[in-house]
Amino acid sequence: MADIFVSYSSKDRQRIQPIVQALEGQGWSVWWDRAILPGSSFDRSIQDAISKASCVVVMWTSNSVNSEWVQTEAHEGLNRNILVPVLLDPVEVPLAFRRTQAADISDWPRTHNSRTEFAMLLSGIAHALDANGKTSTGTRSSAPVRPDVTTDQPSIAILHFENLSDDRQQELLADGMTEDITMLLSQVPDFFVIARNSTFTYKGQPVDPRQVGIDLGVRYLLQGTMRRLGDRLKITVQLIETETCGHLWSESFDRNVEEIFDVQDEVSHEIVSILGGEIRALAQARTREKPVEDLDAWGHYLRGSMPFGADELGDRLRELRRAIELDPNFAKARSRLASILGSEAQSGLVREPQAARKEAAEQAEVALRLAPRDPVVLVDCAQGLVPRDRKQAEMLINRASDYAKNLPRYHLMLGGLGNIAGRFEEAVEHYLYCIKLSPRDPEVGARYAALARSQVVIGDYEGADTNLDKALSLDSTGTLFWYEKANVLGYLGRPAEAAEAWHKAQKARSDISVAEIERKWNYAHPRFQQGLVGGLKKAGID
């Protein structure tokens, strides 16, 4: 019997057919009422199919929300904990099903937002099938759904980790680690991750990265090996570009195997935290090399999302506006634009701060309407709005909490809100976790600087000094960090070095002053404001 039972209103049959085909393309067998043979009992066929299915996908539309058939089938999925709901229209789902998160694919596959939601839908179905032991045993078709490899959106397949020892337990560990990494990486915003059942067919076979890239339509492959030597477990992973077969990144892990499944969980999370930053950096590098006329909306979004210095702000804003021009429904581009405009209006980098704040609010409003549950959108909008509307920013962060726990920018924002509210030790913890989640992220330099600010306020000047050195070494655009370095050196009683650092800050931005720094942070907690200039004043800098 089929892996997936699709429940829908018969009035929506034409809309449902391409979705069913896409699910079948992932390698899953799908039952919908087109499968009922002539002469069969309608009720009995449906009951038989839904009782044997490992996942019930319910298509909520303006037609289906009032259908007793669909609601009954949805109850069956809910009661068995295998319900995966889908929104095809902006409708109010019946009360009994509102606690189950629905994937909004109403514009699929036309817009980026809906393609992201569809990827989340695939992950939800894979999770339901895995829970029922069906992912690797269901009926497979030969043509998996493929992302468009010509787009600038990163796409990756996680191949089965190879067990280099004879121990059967290591084979189970390899299976589990492959599954964990696939699941965790699918939760990283902006990535298209091929479902595990599509990559499982390559297990135990020699692999040509180019051919896998063609078959699955992915730009990157992750391969791994595992070998047990006594009480040690050695794991090696490598990232490969399918087009060139080039090795882009590799890492080795050596762990004690006393608690073998703890090792699986720990290493899986560590691989994903590193890999997220690596792929994001690679994707941004690709867009730098492309002629601007060859970029799609994704490419412009990636360029606009790169770290920037004061002289590059205009370029970033133009890239994001171009992404929106190419795809007006690109919510992430709008939210990132809102984030930068709101933040830099407060910092004084934009010429007309009031106009920038107004545009930030407008872009955030549209982005939230387009993607009200996207964690990246929620966090970016919160960052853009926090200087002028802390309560709304906190509300957005609270909304993001259900799906953003593994998003570094979520913890970055929680750290910022902690500084505003006077919860400085809490802010330090969030900044540390943000860095841990993505230690090789292109923006990690700015995150070390944010951590240092909170450390200054709680009196950890040595720690702040160390982290500002990291920030300045990692982020070549972060020349404004020099004023924070000067502040810390002032607290440490090194006024001559503080004056030298302040001079470097002035070279980066001639209008910088203690008064300007106080104005920039005038929305934060008074202790935070005082902490950011106290060292400067102590060193005689104004």
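In this text, all values refer to a predicted model and were calculated from it rather than measured experimentally.
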(request) Could you go through the salt bridge (Lys or Arg N to Asp or Glu O under 4.0 Å) check for R15 and D89 one step at a time? (result) CA-CA 11 Å; R15 299 175 67 187; D89 290 330; 3.1 Å; yes

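- With no hydrogens or angles considered, a side-chain donor-acceptor pair links R409 and Q383 at under 3.5 Å.
- The backbone N or O of D3 lies less than 3.5 Å from a partner atom in the side chain of S29, making a donor-acceptor pair.
- Side-chain atoms of R334 do not come within 3.5 Å of backbone N or O of A360 as any donor-acceptor pair.
- Considering all non-hydrogen atoms of both residues, S335 and D380 come closest at O-CB, 3.4 Å.
- Side-chain N or O atoms of T178 include one that pairs as donor or acceptor with a backbone N or O of F161 at under 3.5 Å.
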(message) Under the criterion salt bridge (Lys or Arg N to Asp or Glu O under 4.0 Å), I'd like the reasoning laid out for E319 against R322: C-alpha separation, chi angles, the key distance, then a yes or no.
(response) CA-CA 5 Å; E319 294 289 355; R322 177 58 177 156; over 6 Å; no

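- More than 12 heavy atoms of other shown residues, nucleotides or ligands fall within 6.0 angstrom of atom CG in D254.
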(request) Please lay out, stage by stage, how I235 and R227 fare under the test side chain to side chain contact (heavy atoms under 4.5 Å, CB included). (result) CA-CA 7 Å; I235 301 168; R227 182 192 299 274; over 6 Å; no

(message) Working note: E243 + R219, criterion salt bridge (Lys or Arg N to Asp or Glu O under 4.0 Å); need CA distance, chi angles, decisive distance, verdict.
(response) CA-CA 7 Å; E243 186 178 358; R219 180 163 286 128; 5.2 Å; no

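- Of all heavy-atom pairs between Y448 and K470, the closest is CE2-CD, 3.5 Å.
- Ring planes of H411 and Y433: perpendicular class, angle over 60° (limits at 30 and 60°).
- Side-chain contact, N163 with S165: a donor N or O sits under 3.5 Å from an acceptor N or O.
- Ion pairing between a basic and an acidic side chain is recognised when a charged N comes within 4.0 Å of a carboxylate O; R303 and D315 show no such pairing.
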